Every structure is written in structure tokens, then in C-alpha cells.
Undergrad: 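This is the structure I want to talk about, given as C-alpha cells.
Computed from a predicted model, the values in this text were never measured in an experiment. Note: hydrogens, waters and symmetry copies are ignored here, and every other heavy atom, side chains too, is used.
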Amino acid sequence: MKNGFYPTLALNTIKKNRKLYLPYILTCIGMVMMFYIISSLCDNPVYNEMGGGCSLNIILHLGQFVIAVFAFLFLFYTNSFLVRRRNKEFGLYNVLGMDKRKLSIIASFEALIIGVFTMAVGALLGILLSKLADLGLMKVLQHEATLSFRVPFQAVAMTLGIFSAIFFVILLSSFIKIRRTNPLDLLKSENVGEKPPKGNLLIAGIGVLLLAGAYFIAVSIKSPIDAFTIFFVAVIMVIIGTYMLFTTGSVTLCTMLKKNKGYYYKKNHFVSISSMSYRMKRNGAGLASICILCTMVLVVMSSTVSLFIGSEDSCRSMYPRQMIFSEYFGSFFGTFDADQEKNIAIIRKTVDKEIAKEGYEKKNVLDYRYTSIYGSVEKNNVDFDEADTEISFIPLEDYNKMTGKNVKLKKDEALIKCKSYKYGENTIKMEGCRTLEIVGDADDLQAMGVLSSQMTPGIYLVVGDFQGVTDEFINKVIPRNENISYTTGWNYMLDINGDGEEQIGLYDKIQDSLTSAEQNHYLDYFNSDCAEKNKSDFYQTYGGLFFIGILLSLVFMFATVLIIYYKQISEGYEDKENFHIMQMVGMNKVDIKKSINSQILTVFFVPLVFAVTHMAFAFPLIWKILQLFNLYNFKLILIVTICAILVFGLIYAVVYKITSNAYYKIVKD
């Protein structure tokens, strides 16, 4: 044979089967393009020079890794659809004289053509669109963009290297399948369906229990830290449970529909249900994959968009004022004394003097002392053997000064405010200390500030006898358990009538004044913060997560669409003969159309329904995890989640319309 025979044959095969290969090729191009874009951003030195560049760099590299792993798994999975459609053709070649070595050569040239073409086009599109992605990311990060254009060699080399390895592994898989199959099997492979699987109630039951367990975990977890820790366990449970339920539950569904004679023995149901039942084991796995991908899109979209839109709320929650000055005493000095009060007065006086000197006006001042301890709350009792909840005591006089109120409390009375926690008791008792009676709420307490940035759930108690409660805790509880974690301190937070640059300038001058003071021993345990200085790092993290979320949503959406398309195409070719026979015995085209719609509607929207159900039960878990990012705007997260479901549902319906038409054309022919 001539040297160009095999390449020509491989190229002609791709052209003749373009209905199968074109979506696969477009997906490969998209994967290469997105991987290059994120790789080029990872190698951009501009981000490393920006404030918060370290966190952004970590997020981009994490996204790069996720896309690479997903591209390998997804392209390997979808390639199996192509191999199944080509088996009959390879069998015919083998019967006509081509041995398995020559079939492997044809497969090699096909993989080479597709690999080289998709990597070249994908890398080229990535290079052309990388600047657009760079400008978009700069916009998200609220940073001024540069007009320079660069093509990093390392990003190009990594992209070509990663996808060359992926296509090589896919080719090896094709070699193995060709080697293990004889010619007759190849010829009959397209027409050989799987044996109708029997519904396994045990596996279905385990699947239901796994889903129920994951749902229970999602709605019962109270602590954001526990939610973050258990999230991946719940995800694994949902994935396994979904696959078990779809592969066995779908068979049970078909069996039930068959037993319903009024439904089954109709011309628009008979063919579709019998066909579905015969191949349901494979279809169930495909439907489960679609369901999991849909859920991933919804989770990623809702969480990252919520973080981005709510970034201002999160920033204000973490930095309730533009400037924060704190003095920590903790276990170093124990309770408050005259020296500590003197330190507080020095810091306050220095800050106020510098603000007045520069001509600014203080606004929204928060000035309060606190004592924070860590324990475990069971009903109304605080146990100090465990530390999963932060309990902070704030003096009544400081609370009245901040709120402008004149609340009066007795020695054993308190007002309460909770963070990421629901406390429904009338009293609270600390082990070995007094019992406090809860006489009201302190919802207008704005002193959470620095304390709210802690990841643990919080209970804030405004007490009338602050010094007595603190002394009692230190003198009675600490001696019995020296491992108890506690802090005593003071926060001074305020805004000024100046823009961002003015805030930073004033903050730096205050820092210089504090450092240059003659008596600066109070700075040993002093800490300060400026919200404007940290905004860059803050938006780097949130903007980076949003950008990666958009990319991953597109990747998962591509995967969902392609699996649905190949599922419809594959089933169309397999059902074609069945519908041809039914047409010969009297079924017209209208009846075929009705039967197709019955089959598609029966199973097509089931993954979406399950995905929305997964999302509904996962919402409390996501809500708690987002609290770790200081996002407490429940209404915002709920609205974004609902919008994500509606938008994705619309896209899913469009995909349904397109793929069902492709299925119908195959069957009609």
C-alpha cells in the first residue's frame, strides 16, 4: 500500500462520520483553549506583583489542575462513544484483510489528526482570547489592565504536553480494545445490546440510604467548619448514591411501566420503554453522569457568583470599619487592670490626635472591651472540654455607649446575639461558674467585627458584671483546665470622611505615631488593620474564585451537552432498526415522533430534577461554607441559587430540543 493510504483513509473516515466526530473535536478544542488561557494567567507576572497575588496564584493553579484532570476523564469517557460506533467498521476492515496491526495504524492516524488539529486550533484560539480573559480578570479584580500582549512559552509547552499525554492514553485504550476483540464481535458489536439487567433492590436501597444520609448531613450540620470538613464526604455519598439509584432504579421504573398495561401497550410507549429497558444499565450510568455534572454546574455557579456579588458585604463583615486597632491581653495578663486600661487610653488618644491633626472626622466609632472563651454548648450548658463555639462577653457600659441606649442589667442577666448558631434557651451556664439569665437580644450589637472573622460559631453576651464574670472564669475555671483557650482584649474601630488613598495615608501616619511614642510597651500585644489596604487581597481571592467558577461552569456545561448529544445519537442509531420494523407493521411518522418524545421526556429531565433536588438539600451546607468567607447575606445566596437553576434549566431545555431533533432525524432516515 502507498504511504499515504492510511492517513487518507483515516481523514476520510473522520469526514464521513463528522456527525459523531465534530462535537468531539469542538469539545477538545474548547478544553485545550481553556487550559491554555488559565495556564497563561498562571504565568502572568503582573498578578504576582499585585496585592493578594499569592492567593490568586494558588486559585489559578488549582483551577488549572481541575481542568486538566477533568479534561482527561471526560475526553476518555466520551471517546468510548466514538469507539462503539466504529467497531462495526473496524470489523469489516478486518474481514476484508486488515489485521489488528493495520487497524491500530488507522486508529493512530485518526488520533494524530484529531490531536494535532485540536491542539493547534485550541492553542491558537487560546492565544487570541487570552488577552480578553486577562482584561476580564483585571476588571473582576478592580485593577487597571495593561495593554501588553504576551505568549508565555511555558503555558504553550504545558498545554501541548498535557493534551498530548491525554490523547496518547486514549489511543492506548483504543489499541487495547482492538487487540481484545475478534472480527465477528466487531461486526456485531453495534447490534449487540446488553442483557436486560434486573433491578437490584439491595443496590437501590443502598443508593437511597446514601442519598438520605448525605441530605441529612447537609441539613443538620450547624458549624461552618464542620460543613467545610464534611462537604467532600457528602459529595462522595451523593455521587455513589446517584449512580446506584440511576442504574438500578431506572430498571425498576421500566419494569413498573411494563406492568402498567394501559401505559405500556401503546404505540408511542411500547418501543421506547422496551428499548430503554434493554439498555438501561448503560443508560442509567449516562444519566447519572449528566445528573452529577448538572449538580456541579449549579453548585459552582451559585457559590462563586454569590461570593463575587456579595464581596462588598463580606469585606464589611470582616472589616466592619475602615480602621481597626486592637489590644490583646489574653492569657498573658488575665483580667483587665489599671495598666491595661492605661494602655488602652494611650492608643485611643494617639489615634484621635492624629485624626484631628490631619483634619479628618471620626465616624461610626466602635469602642469596646471583651473576653472570649471557647467551649461546647449543649442546651444551656457550656462545657470547656471541647472547643467548637466562641463565647464572648462584652461590658454593658460599652454596649450602651456604642448603641446609644440606656439598658440596665442585673448581676446575673445578659443580652445575647448569635453568629452561625441558634440558641433557644433562657439561661446559659458555664461549667464551674455562674448561670446567666437571657433577658433580651442584642441584635443591634455591631461589635462582632474582628471576632466575626473567626470560623467558629459565636455567641455574644452583653453582661452587667463584666469584670466579675471575667474574674470568675479566670480564677475558677482556668485552674481546673489549663488547656482552655481564652482571650481578653479591646477593639477600637472607626471610619473617616476620606477616600481610599486618604484612609491608607492616615493609617500609615497613625502607625508611625504609635511606633514612635516614648512609652510603647503597649505595642507588645497590639494589632491594627486597614480595610482599604486589605481590599486588594480580598478582591484577588473572591475575583479569582469567580473567574475560575465561570471557567469550570463552562467546562462542566460542555461535558453535559456532549454526553447528552452522544447519548441521543447512540440511542438513535440503536433504535433506528426497531422503529423501522414498527413502521413496516403500521407505525407512521407521527406515531414515531410521539414515541420519541415519550422516550426522551421519560428520562431526559430526570437528571435535571435530581440535580435540583441535590442542590436544594446542599443549599444549607453551601450557605454555611460561604459563612467561612464572611458572607452572611442569606437572601443574596438564595436569589443567586434560584437564578442559577432557572438559567441552567433554560439551557438544558434548549439542549433537549436540539438533541431530540438529531435523534429523530436518525430514526426517521
Side-chain angles (χ1 to χ4, degrees), residues 326-345 366-385 387 389-419 421-452 456-482 484-492:
S326 304
E327 181 82 344
Y328 297 100
F329 306 120
S331 54
F332 307 110
F333 300 108
T335 185
F336 289 90
D337 57 24
D339 288 338
Q340 294 165 12
E341 293 290 353
K342 182 180 178 180
N343 290 343
I344 291 174
L366 297 177
D367 185 345
Y368 65 94
R369 295 160 291 164
Y370 67 89
T371 296
S372 293
I373 59 176
Y374 294 86
S376 177
V377 181
E378 291 293 336
K379 292 186 177 181
N380 67 335
N381 187 63
V382 181
D383 183 2
F384 298 111
D385 290 334
T389 304
E390 179 187 30
I391 304 167
S392 299
F393 301 97
I394 296 172
L396 175 62
E397 57 185 293
D398 292 355
Y399 170 77
N400 283 334
K401 185 170 58 175
M402 288 187 293
T403 60
K405 294 183 176 181
N406 189 26
V407 178
K408 295 183 179 180
L409 295 174
K410 295 179 181 179
K411 179 180 178 181
D412 295 330
E413 292 180 340
L415 304 178
I416 190 170
K417 178 174 182 175
C418 297
K419 181 200 78 172
Y421 194 90
K422 187 176 181 180
Y423 190 81
E425 304 296 329
N426 296 323
T427 60
I428 183 168
K429 176 178 175 57
M430 296 177 293
E431 182 184 11
C433 297
R434 70 181 69 179
T435 298
L436 294 173
E437 181 182 357
I438 307 300
V439 296
D441 295 326
D443 292 336
D444 54 351
L445 177 66
Q446 301 182 50
M448 295 172 67
V450 177
L451 303 178
S452 70
T456 54
I459 296 178
Y460 305 92
L461 297 167
V462 177
V463 293
D465 186 17
F466 173 73
Q467 192 70 46
V469 171
T470 302
D471 289 343
E472 194 174 79
F473 170 74
I474 293 174
N475 296 328
K476 291 185 178 181
V477 178
I478 294 298
R480 293 200 304 266
N481 190 342
E482 296 181 355
I484 294 178
S485 176
Y486 77 99
T487 303
T488 57
W490 167 75
N491 285 326
Y492 189 47

Undergrad: How long is the span from the OG1 atom in Thr435 to the CG atom in Asn426, to the nearest 0.5 Å?
TA: 12.5 Å
Undergrad: Find the distance between NZ (Lys429) and CG (Leu436) and round it off to the nearest 0.5 Å.
TA: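 If we round to the nearest 0.5 Å, Lys429:NZ and Leu436:CG are 10.0 Å apart.
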Undergrad: If you compare all heavy atoms of Phe466 against all heavy atoms of Phe393, which two are closest, and at what distance to 0.1 Å?
TA: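 Minimum heavy-atom contact is CE1-O, 3.3 Å.
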Undergrad: Could you state the interatomic distance from CD (Glu437) to CG (Leu409), rounded to the nearest 0.5 Å?
TA: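 Going from the CD atom of Glu437 to the CG atom of Leu409 covers 10.5 Å.
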Undergrad: Quick one: closest heavy-atom pair of Ala442 and Leu415, and the distance?
TA: CB-CB, 3.9 Å
Undergrad: Nearest 0.5 Å, what's the CE-CD1 distance between Met402 and Ile394?
TA: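 It is 6.0 Å, given to the nearest 0.5 Å.
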Undergrad: Quick one: closest heavy-atom pair of Arg434 and Lys411, and the distance?
TA: NH1-O, 3.3 Å
Undergrad: Is the shortest heavy-atom distance from the side chain of Asp465 to the side chain of Glu472 under 4.5 Å?
TA: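 No, side chains not in contact.
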Undergrad: If the plane angle is over 60° it's perpendicular, under 30° parallel, otherwise tilted; pick one for Tyr368 and Tyr370.
TA: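 Tyr368 vs Tyr370 ring planes: tilted.
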Undergrad: Show the numbers, then the answer: is there a side chain to side chain contact (heavy atoms under 4.5 Å, CB included) between Val469 and Thr371?
TA: CA-CA 9 Å; Val469 171; Thr371 296; over 6 Å; no
Undergrad: Could you grab the distance from atom CD1 of Ile416 to atom CG of Asp441, nearest 0.5 Å is fine?
TA: 8.0 Å
Undergrad: Run the salt bridge (charged side-chain N to carboxylate O under 4.0 Å, His left out) check on Glu397 and Arg369 step by step: do they pass?
TA: CA-CA 10 Å; Glu397 57 185 293; Arg369 295 160 291 164; 3.3 Å; yes
Undergrad: If you round to the nearest 0.5 Å, how far is CG of Leu396 from CG of Asn406?
TA: 8.5 Å
Undergrad: Side chains of Trp490 and Asp367: closer than 4.5 Å at any heavy-atom pair?
TA: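 Touching, per the 4.5 Å side-chain cut-off.
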Undergrad: Heavy atoms only: give me the nearest Ile391-Val382 pair and the separation to one decimal.
TA: CD1-CG1, 3.5 Å
Undergrad: Between Glu425 and Ile438, does the side chain to side chain contact (heavy atoms under 4.5 Å, CB included) criterion hold? Intermediate values first, please.
TA: CA-CA 8 Å; Glu425 304 296 329; Ile438 307 300; over 6 Å; no
